[in-house]
Amino acid sequence: MGFGDLKSAAGLRVLNDFLADKSYIEGYVPSQADIAVFEAIAAPPPADLFHALRWYNHIKSYEKQKASLPGVKKALGKYGPADVEDTTGAATDSKDDDDIDLFGSDDEEESEEAKKLREERLAQYESKKSKKPAVVAKSSILLDVKPWDDETDMAKLEECVRSIQADGLVWGSSKLVPVGYGIKKLQIQCVVEDDKVGTDMLEERITAFEDYVQ
């Protein structure tokens, strides 16, 4: 199992073929497996090995976060297609043939450690997600308030409108706009939190000032 020599063109071609239908060396998220293989490559793969180059550039973007990626980094020969001979540590492998079972035990321990690390990170993510404040939807509303007649005290009318207070309601700027026959309407802006304040409520509260509002 392995990619061969990833500093050679042949090794990079094996990596490119391996990544033709995969996004990562192992699993579906960046992990220490990707970092182990990435660090074994001397330079970016050539453009014609586009699967390998796409993966290389993607993993490179995790340079600052590589230590926090899940998993436990294993020997390079533990990754890659099963039908490619691992040449990354041939001398060591021949010397340690009698220790195959011991390496198998190490793999199991690493697997348990990786599983534990992944579960801890998932728990941290869920905890952080639950504490993240919800996005509050807000709307900016421009209201037209018409007085009873041309003798209505517009300053008093605006004072009545602004006296309406509610959680999620903030009054903004206002102006008087002529509507004809010497009558001016009050045009006033407000910002509301959609879940707390609606236009129906505002209309009901404003029209309650019967001495000033039509």
Side-chain angles (χ1 to χ4, degrees), residues 1-138 194-195:
M1 185 175 189
F3 294 106
D5 184 4
L6 284 171
K7 292 182 172 60
S8 69
L12 290 176
R13 279 195 297 271
V14 173
L15 176 64
N16 185 71
D17 293 342
F18 180 78
L19 291 168
D21 59 352
K22 299 178 182 64
S23 296
Y24 303 103
I25 301 301
E26 288 185 344
Y28 301 97
V29 295
S31 70
Q32 293 301 321
D34 296 284
I35 299 302
V37 177
F38 178 87
E39 291 177 345
I41 298 175
D48 60 321
L49 301 180
F50 49 87
H51 298 302
L53 182 59
R54 176 261 307 160
W55 167 87
Y56 182 93
N57 290 332
H58 181 55
I59 299 305
K60 186 178 181 181
S61 69
Y62 286 90
E63 181 70 23
K64 294 182 179 179
Q65 298 96 353
K66 65 181 182 180
S68 63
L69 294 180
V72 176
K73 193 184 296 183
K74 296 182 284 189
L76 187 60
K78 301 295 182 182
Y79 307 112
D83 58 348
V84 175
E85 182 181 358
D86 174 27
T87 60
T88 57
T92 303
D93 290 346
S94 61
K95 189 170 63 176
D96 294 336
D97 282 344
D98 294 336
D99 296 330
I100 292 177
D101 289 341
L102 292 177
F103 284 121
S105 298
D106 289 344
D107 287 345
E108 291 176 7
E109 291 174 3
E110 288 171 348
S111 178
E112 287 299 318
E113 187 175 348
K115 181 180 178 181
K116 182 179 179 181
L117 180 63
R118 182 171 64 254
E119 290 175 351
E120 288 176 354
R121 292 195 181 282
L122 283 172
Q124 291 173 2
Y125 172 76
E126 290 297 333
S127 176
K128 187 182 294 185
K129 185 177 178 182
S130 65
K131 294 176 183 177
K132 188 176 181 180
V135 177
V136 177
K138 295 183 179 181
D194 296 345
D195 291 341

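From a predicted model like this one, the values you see are computed outputs, not experimental measurements. Computed over heavy atoms, backbone and side chain alike; hydrogens, waters and symmetry mates excluded.
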Residues pairing under ring pair (Phe, Tyr, Trp, His ring centres under 6.0 Å) where one sits in residues 27-55, two or more places apart or in two chains, turn out to be F38-Y56

Rounded to the nearest 0.5 angstrom, the CG-OH distance for D34 and Y79 is 9.0 Å

In short, salt bridge (Lys or Arg N to Asp or Glu O under 4.0 Å) pairs touching residues 20-32 with sequence neighbours left out are E26-K74

In short, F18 meets G80 closest at the heavy-atom pair CE1-C, 3.8 Å

Closest non-hydrogen contact found for L53 with A47 is CD2-CA, 3.9 Å

Contacts of S23 meeting side chain to side chain contact (heavy atoms under 4.5 Å, CB included) (sequence neighbours excluded), chain-then-number -> none

Residue set satisfying side chain to side chain donor-acceptor pair (under 3.5 Å) with D17, at least two apart, ordered chain then number -> none

Point to revise | Verdict with reasoning, F3 to I41, per side chain to side chain contact (heavy atoms under 4.5 Å, CB included) | key: CA-CA 11 Å; F3 294 106; I41 298 175; over 6 Å; no

Residues at least two apart in sequence or cross-chain that pass side chain to side chain contact (heavy atoms under 4.5 Å, CB included) with D194, listed by chain then number, are A137, S139, V192

Please tabulate, for side-chain N and O atoms in residues 59-72, each donor-acceptor pair with protein atoms closer than 3.5 Å (sequence neighbours left out).
residue	atom	partner	partner atom	Å
S61	OG	H58	O	2.4
K66	NZ	E39	OE2	3.3
S68	OG	Q65	O	2.7

Original post:
Side chains of L15 and I25: does their closest heavy-atom pair fall under 4.5 Å?
Top reply: yes

In terms of heavy-atom contacts, L12 and A52 come closest through O-CB, 4.5 Å

Taken to the nearest 0.5 Å, the spacing of D48 CG from N16 CG works out to 7.5 Å

